[in-house]
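Just the heavy atoms: all of them, side chains too, but no hydrogens, waters or symmetry mates, feed the values below. The chains referred to below are lettered A, B, ... by the order of the sequence lines, with proteins before strands, and numbering in each begins at 1.
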Amino acid sequence: MGWFGVALALGLPWLAGALWLRLLWREPVAGVWPLALGYGYLLSLLGVTLLLRGFGMAGLPFALFATLLLFALLAAMAVQRLRQRVRIGTGDNPGVFRRLPVWQQILFALLLLWLGARLLGLALEVWWEPLFPWDAWTTWAVRARVWSELQQLAPFVSAQDWLADPGASAYTIAASSYPETVSLLALWPTLGYGGWNETAANLPWLGCALALGLGFYGQARLWGASPLTSLVLLWLLLSLPLLNTHVALAGYADLWLATTLGLALIALLHWARDGDWRQGLLALVLALACPLIKQEGLVWLLLLLAALFAARLSGRGLLWLVSAAAVILLAIGLRGGLTVEIPVLGALHLAPNLIEAPGLGRFEFSYHDTWEPVARNLFVYGSWHLFAYLLTAAVVWSLIETVRQGAAPWQRAGLTFVLGSLLALFVLFFLTNAHLWAAQSTSINRLLLHFAPAFVFWMLTLWAGRDAAVKPTAHSFPPSADINPSPP
Amino acid sequence: MEIRSSIRLWRPVASFLIAVFGGALLVMLTLWLLYRSGDPLVAPHLMLTGADLQLTAGAGEETAEGVSIRQPEANGVAIVQGAMRPLEAAQYCRLSWQVDGLKPDQQVGLIWSTADNPRRIREQALSFDQDGEGRLDLHDEPKWTGQIVAIGLVIKGALQEPILVRSLTLQSPPPTFTMLLNALTSGWTEADGWTGRSINFDDGGPRDASFRPVVITALWAALAGLLYALLNPPWRGHRSLAPYAVILVIGWLALDLRWQWVLGQRLVQTQALYAGLDDEARQLAGPDRRLYPFVREVRQRLPAKPARIFILSEDPNGYVSGRARYHLLPHNAYAGLSVLPDAKQAHPGDYVLVLEPLPGLDYDRERHLLSLKAVQWPADLVYAEPGRGALFLLRRGF
């Protein structure tokens, strides 16, 4: 089917996902369409990977046409239901922009053009550049290519198992235990193409960046930020050099985890503030998807859980929880360690100087003086522009404000997530063997990338929250003249 | 009254502009003072000691304190070379050195070569005091120009006692405003292409840049913010964060403009290499242009059904073996070996792809026997390309 097939493979699930998400919001609030488009892309493609896994487990060939038909039907059903609703507008109608001061309109337009040019350049890189980065052609794309060419989900095992079983049909890659989701995301559009094609395999990464941008902007508008503020913060996010690089040199899993984790945290903050079950559902689904993308997603899921507890517990409840956790850790330490068998996954070993978790590996604790390489990577190199400086200032300011004025549930959730993430990164790069990743400037920036969208949105909530006149516009309706009565 | 209200209206704007431009001036002043101080953090500075020095002619030892030379070569010459990255002569023209044990009848000279003619050794005689130390300003030396790619000391004359070459240091000259401006802007105007490291981090400027764009911009933003705060003290009711946010945005925009320019340069390179090409043509145009034709020939001699292939190379985890494995997909290849598989790991019908060079590998064409170290396999030679490698089909039985 060639490129038309690729367009269908990426476009139909996207359309279906976006339309069904749009159905969740009966009211035409500001930012709902970008939200639906952003989250819709991510959720629909993750859904496609689950379908592909199902085909594999059932021993069935990839049913491309059946899957496309399914999404086409879903999209058609969604369109039908939307047409039965009141006129589906959006809070971001032209009137909103006309009411802005002229300088803001000009700035908005210029910034939009700048972002558009950036994304166009990245799109051309994806279109022209062959598969480039190391882990892509040794791991993620290897599986995708084998599955694409064999038209089935061949198993991948460790090198040791591969060598020990000459008769088996299993393949081998160094990271055979890595989750399959990202390889399935690369596989899917090549099924639409009709064969292995590196550009087709890389296109989902471009869509991921677009989805991140749309989802971020939509959620920012829903939060109550003005169009210009939302776009400025979006620009801060989408202009990060490392994020741009992960689009241009597509093939790694980090962009997907950054998008999934970021959009999950954003939805969690909305839910913590407004109690909106739709946001809670989005947060839950995306949080559960994190471990399916990379193994460390399981640890990041725990950070989201901590944020959830911080939102729901306060004062005494929170103190009890933290105290209980401290007592448990102390008991483990005094006992000399603890081993827990987790069904299906394996054994979890906890000791004062060691953590060994199934799927994550073994981390021995000892202090490493990694300050210089960490500072160099975050504050000197060009991967982050001024992000690290801004984040530092934001954390300090937020702590001061929290001490001075206390914190609402969503503020506790956000701060807990940010501090928990920074603590997790500190433990990793200063107390474990992963300090080499910092010294060699390999994974340190990629791991920080996972948190970048979440951190930028959190900073937006700080900025928007500093002005008491900014109210959430979750229930702002367009002028009554725009509302048509529903049919009898 | 009108004047007062005008002042009230324009005061924030004026103080903002003062903060922005004042911050830039303060940055220049700070960097000039740092540069002038010779602080290695910013002032170009190359110090070669201990492990940085290597004895390349003569007999002696390399120690932690330096290179000890016991005797020169037969022609009476001993050479100590420094390990260094290429550097610009104009930025490093103040030379100093320390050599212990020199006698008055010995001659010491600085030797170097430049990028435009790396094979030509240039020499400058050096003088030294009784402590074996010396200094020289190479600024006016006509041969000290361009990009220096190698540097060392040559000692001529017989040695009654060992001498110890402790250090060789190159420093920047006292900065002029033009030099400072060049150092400041050089980090903004150089761009490299996509590399294997790009996915992990971006340098944000040349590796040896004195002033990294991110650091300079952060410094400017901090100083401009401080100036604004001094002109509009928060404790006097000027609590708005908007001016500080605008300062940050300006700094971010400056960095993003540079980054967009870098992306543009890289896109031009990508377009030149790959635009309009299909998958196969891109492989022939890119880094695998020498490897890919060989692997393509190998593929044509493999069966249609995916075969099990052992890829042997001197560097099993290296780029070439990994790329060969990728280009052979969906054949079931493993590239992690530098020895032949044993009888439990492979069976007849499997293939072995050898990537040259692989020392010790031998193939007996008459006996159809492939051997490497202690392992032997009956095998048919399927395809061979001298200088690249060979494909073998493992046979049954010994």
Trp196(A) side chain reached by Pro330(B) side chain, heavy atoms, under 4.5 Å: no
Report the option among His246(A), Arg446(A), Arg118(A) that has the most heavy-atom pairs separated by less than 4.5 Å from atoms of chain B. Arg118(A)
Heavy-atom proximity to chain B below 4.5 Å, by part of Asn377(A): side chain
Is any side-chain heavy atom of Ser441(A) closer than 4.5 Å to one of Arg197(B)? no
Between Asp202(B) (side chain) and Tyr381(A) (backbone), is there a donor-acceptor pair under 3.5 Å? no
Taking side chain as everything from C-beta outward and backbone as N, CA, C, O, which of these in Asp278(B) sits under 4.5 Å from a heavy atom of chain A? Side chain, backbone, both or neither. neither
Pick one of side chain, backbone, both or neither for Phe310(B), based on which atoms fall under 4.5 Å of a heavy atom in chain A. side chain
For Ala275(B), check side chain to side chain contact (heavy atoms under 4.5 Å, CB included) against everything at least two apart and list the hits. Trp128(A), Gln271(B)
For the candidates Tyr389(A), Trp384(A), Trp114(A), which exhibits the highest count of non-hydrogen atom pairs separated by less than 4.5 Å from chain B? Trp114(A)
Just how far is it from atom CD1 of Ile199(B) to atom OG of Ser443(A), taken to the nearest 0.5 Å? 11.5 Å
Audit row: Arg282(B), Thr199(A), side chain to side chain donor-acceptor pair (under 3.5 Å) steps and yes/no: CA-CA 11 Å; Arg282(B) 286 194 287 193; Thr199(A) 300; 2.8 Å; yes
If you take all heavy atoms of Val142(A) and Arg325(B), which pair is closest and at what distance? CG1-NH2, 3.7 Å
Among residues 247-258 of chain B, which ones touch chain A with a heavy-atom distance under 4.5 Å? Leu248(B), Val249(B), Gly251(B), Trp252(B), Leu253(B), Leu255(B), Asp256(B), Leu257(B)
Are Trp137(A) and Tyr319(B), when compared by the centres of their aromatic rings, separated by less than 6.0 Å? yes
So Tyr334(B) and Trp162(A), ring-ring contact (aromatic ring centres under 6.0 Å, His included) or not? Walk me through it. CA-CA 9 Å; Tyr334(B) 173 59; Trp162(A) 189 87; 5.4 Å; yes
Can you see which heavy atom on Leu163(A) is nearest to which on Leu337(B), and at what distance? CD2-CD1, 4.5 Å
So for Pro133(A), is it side chain, backbone, both, or neither that comes closer than 4.5 Å to the heavy atoms of chain B? side chain
For Arg145(A) against Tyr326(B), the heavy-atom pair lying closest together: NH1-O, 3.2 Å
Portion of Ala248(A) that has a non-hydrogen atom of chain B nearer than 4.5 angstrom: side chain
Could you please spell out the steps behind the side chain to side chain donor-acceptor pair (under 3.5 Å) verdict for Trp259(B) and Asn244(A)? CA-CA 10 Å; Trp259(B) 172 241; Asn244(A) 293 165; 2.9 Å; yes
At a heavy-atom separation under 4.5 Å, does Trp127(A) approach chain B through its side chain, its backbone, both, or neither? backbone
Should Glu125(A) and Arg266(B) count as side-chain neighbours, where that means a heavy-atom distance under 4.5 Å? yes
Hey, does Asp279(B) have a side-chain heavy atom less than 4.5 Å from the side chain of Pro130(A)? no
Do the side chains of His331(B) and Glu149(A) get nearer than 4.5 Å, heavy atoms only? no
Could you look at Tyr171(A) and say if it's the side chain, the backbone, both or neither that has a heavy atom under 4.5 Å from chain B? both
Looking only at heavy atoms, the pair that brings Glu129(A) and Thr270(B) closest together is OE1-OG1, 3.2 Å
His385(A) (side chain) donor-acceptor with Val214(B) (main chain) under 3.5 angstrom: no
Which bit of Leu241(B) is near chain A, if near means a heavy-atom gap under 4.5 Å: side chain, backbone, both or neither? both
With a 6.0 Å cut-off (strictly less than), is the heavy-atom count around CZ of Arg299(B), excluding the residue itself, greater than 12? yes
Counting heavy-atom pairs under 4.5 Å to chain B, which of Leu236(A), Leu242(A), Val146(A), Leu150(A) comes out on top? Leu236(A)
Side-chain donor/acceptor of Asn445(A) to backbone N/O of Asn200(B), under 3.5 Å: yes
Region of Phe387(A) that comes under 4.5 Å of a non-hydrogen atom in chain B: both
Less than 4.5 Å to any heavy atom of chain B: does that hold for the side chain of Leu449(A), its backbone, both, or neither? neither
Are there more than 12 heavy atoms of other residues, nucleotides or ligands under 6.0 Å from atom CD of Gln405(A)? yes
What's the shortest heavy-atom distance between Leu267(B) and Gly121(A), and which atoms? CD1-O, 3.8 Å
Between atom CH2 of Trp134(A) and atom CZ of Arg323(B), what is the distance when rounded to the nearest 0.5 Å? 9.5 Å
So what's closer than 4.5 Å to chain B heavy atoms on Ile444(A): side chain, backbone, both or neither? neither
Which atoms of Leu249(A) come close to chain B, meaning under 4.5 Å heavy atom to heavy atom: side chain ones, backbone ones, both, or neither? both
Which portion of Ala218(B) sits near chain A, non-hydrogen atoms under 4.5 angstrom: both
I want to check something: taking the side chain as every heavy atom from C-beta on, are Pro166(A) and Gln345(B) in contact at a cut-off of under 4.5 Å? no
Which bit of Ser169(A) comes within less than 4.5 Å of chain B, counting heavy atoms only: side chain, backbone, both or neither? backbone
